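Because the structure is a prediction, the values reported are computed rather than measured. In listed order, ligands and their atoms are each counted from 1.
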Amino acid sequence: MRTQIAIIGAGPSGLLLGQLLHQAGIDNVVVERQTGDYVLGRIRAGVLEQVTMDLLARAGVDARAKAEGLPHHGIELLFQGARHRIDLHGLSGGKQVTVYGQTEVTRDLMEARTAAGLTTVYGAANVSLHDFDGSAPRVRYEKDGATHEIECDFIAGCDGYHGVSRASVPAQAIHLHEKVYPFGWLGVLADVPPVSDELIYCNTQRGFALCSMRSHTRSRYYVQVPLEERVENWSDEAFWNELRARLDPEARERLVTGPSLEKSIAPLRSFVAEPMRFGRLFLAGDAAHIVPPTGAKGLNLAAGDVGYLSEAFIRHYAERSTAALDRYSELCLRRVWKAERFSWWFTSLMHRFPAEGEFGQKIQEAELDYLVHSKAASTSLAENYVGLPMESF
Ligand SMILES: Cc1cc2nc3c(=O)[nH]c(=O)nc-3n(C[C@H](O)[C@H](O)[C@H](O)COP(=O)(O)OP(=O)(O)OC[C@H]3O[C@@H](n4cnc5c(N)ncnc54)[C@H](O)[C@@H]3O)c2cc1C
């Protein structure tokens, strides 16, 4: 098989890149190791920045996100038992975020790909990348007992943190930065109406909690748990009791509980691989960087990367120039590090760090008090939360 761009991974970055390239007439093949149903079964992000909505529009897949997504103009911060609203819209010059689940984004992209008749290989085993340091890269995989090969101009490594793309780069060519936090998020998805119209981020003596949602009838809640905690130890009832204990009296009163549709623990990590380009291999999304979910930047960063990458490929084929491809890594990493900083800061502000004790809690409360009463500090939070703008090549 021959294509212009071989894309490894059918997560949001791989599928969105495929769609953006297709709109520009650039041929691409997606190779995914899981089945389509497995990919769709993963419950992950749910808050989309305007930059991401704009990219979905450019890819021609924003109709349902616009119709069914919930525009949010603010968030609430709960600390010392009281809630304070941050007016994202007012403080960011009229911007907003849209609550629309990653599962739905993925479904929309998959359907568009099928409708366009584009090739996606699901269930590809032992995917391997070859000769990306030369002029004729290849991707090999096994399926139905046979070995297949794709010849291409470029490879896009969109295969997430555990993928094969980053792992294929020689160790001496890549620099890894990592910070692991001493806790995770225990998350529950349930078909119950959300406790509030906007997200509530809670800093409490018992640890962090987040009240989030996917729609008016489906809620996503999280509580901070120690890293070694196991999901089997948490009945639905135990989860709801712990969440309730971290809320203010009004939210506690309004909380509607129900059976969990999904329950899992996600560890929190900050991670960046530099650079994001190795010859004819380009990394994008979680393959290159991870943020802790506080601040909802993971999916949005992945979208930003493929926004840059699609533009660089389009310019390459239109202008026969490598100028934009040569700037890809630098432009992405500038934006990535700002999101890493914001996600680390918001995580540090909102969670209980056992080693920091009461002093750490007091410092957090002082900063939160400053944050909600200083226009400058609230504006900085709002600007970062709604998403920083993308630069042009
Ligand atoms: C539990 C969890 C909760 C999260 N919650 C949030 C949140 O609330 N907000 C937020 O912004 N972000 C969140 N994130 C992060 C967000 O989901 C990711 O940033 C986003 O999925 C990145 O998309 P991606 O396409 O780069 O990677 P992925 O979604 O990981 O997709 C990579 C794809 O590559 C495939 N793949 C892997 N290895 C191979 C291989 N060898 N060959 C072929 N294919 C391969 C995988 O199966 C997968 O389909 C969460 C992540 C997790 C894990």
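- Electrostatic pairing of E391 and R335 does not count as a salt bridge here, judged by no charged N lying under 4.0 Å from a carboxylate O.
- Using a 3.5 Å distance cut-off with no hydrogens or angles, the side chains of W337 and H177 do not pair a donor with an acceptor.
- Only the backbone of K297 comes within contact range of ligand 1, with a heavy atom under 4.0 Å; no side-chain atom does.
- With a 6.0 Å radius and a threshold of 12 heavy atoms from other residues, nucleotides or ligands, D326 has its CG atom above the threshold.
- Here the heavy atom of the protein found nearest to atom 24 (P) of ligand 1 is S13 OG, 3.1 Å.
- Distances below 4.0 Å separate heavy atoms of G160 from the following atoms of ligand 1: 27 (O), 30 (O), 32 (C).
- Among all non-hydrogen protein atoms, the one lying nearest atom 11 (O) of ligand 1 is G298 N, 3.0 Å.
- Salt bridge annotation for R214-D191: absent, with no cationic side-chain nitrogen under 4.0 angstrom from a carboxylate oxygen.
- Nearest to atom 5 (N) of ligand 1 by heavy-atom distance, out of R44, E32, E262, R42, is R44.
- Atom 1 (C) of ligand 1 has A266 CB, 3.8 Å as its closest protein atom, hydrogens excluded (heavy atom only).
- The neighbour count for R254 CZ, taken as heavy atoms of other residues, nucleotides or ligands under 6.0 Å away, does not exceed 12.
- At a 4.0 Å cut-off, at least one heavy atom of A296 sits close enough to ligand 1 to count as contact.
- Note that R327 lies outside the cation-pi zone of Y308, set by a 6.0 Å cut-off to the ring centre and a 45° limit from the axis.
- Of the protein's non-hydrogen atoms, D159 O, 3.1 Å is the one closest to atom 37 (C) of ligand 1.
- Note that R280 lies in the cation-pi zone of F154, set by a 6.0 Å cut-off to the ring centre and a 45° limit from the axis.
- Distance from atom 12 (N) of ligand 1 to its nearest protein heavy atom, with residue and atom name: A45 CB, 3.3 Å.
- In terms of polar-atom proximity, A287 is not counted as a contact of ligand 1, lacking any N or O under 3.5 Å from an N or O of the ligand.
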Next item on the list: Quick one: do K297 and E49 satisfy side-chain contact (heavy atoms from CB on, under 4.5 Å)? Show the steps, please.
Entry: CA-CA 9 Å; K297 289 283 162 255; E49 296 172 2; 2.7 Å; yes
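- In this structure, N300 falls outside the shell of residues with a heavy atom less than 4.0 angstrom from ligand 1.
- Of the protein's non-hydrogen atoms, R33 N, 3.3 Å is the one closest to atom 43 (C) of ligand 1.
- Close contacts between ligand 1 and G285 involve ligand atoms 26 (O) [criterion: under 4.0 Å to a heavy atom].
- Closest protein heavy atom to atom 17 (O) of ligand 1: Q102 OE1, 2.7 Å.
- The shortest contact between atom 19 (O) of ligand 1 and any protein heavy atom is with D286 OD1, 2.7 Å.
- Remark: K338 is not positioned above the aromatic ring of F342, lacking an NZ or CZ atom under 6.0 angstrom from the ring centre and at most 45 degrees off the axis.
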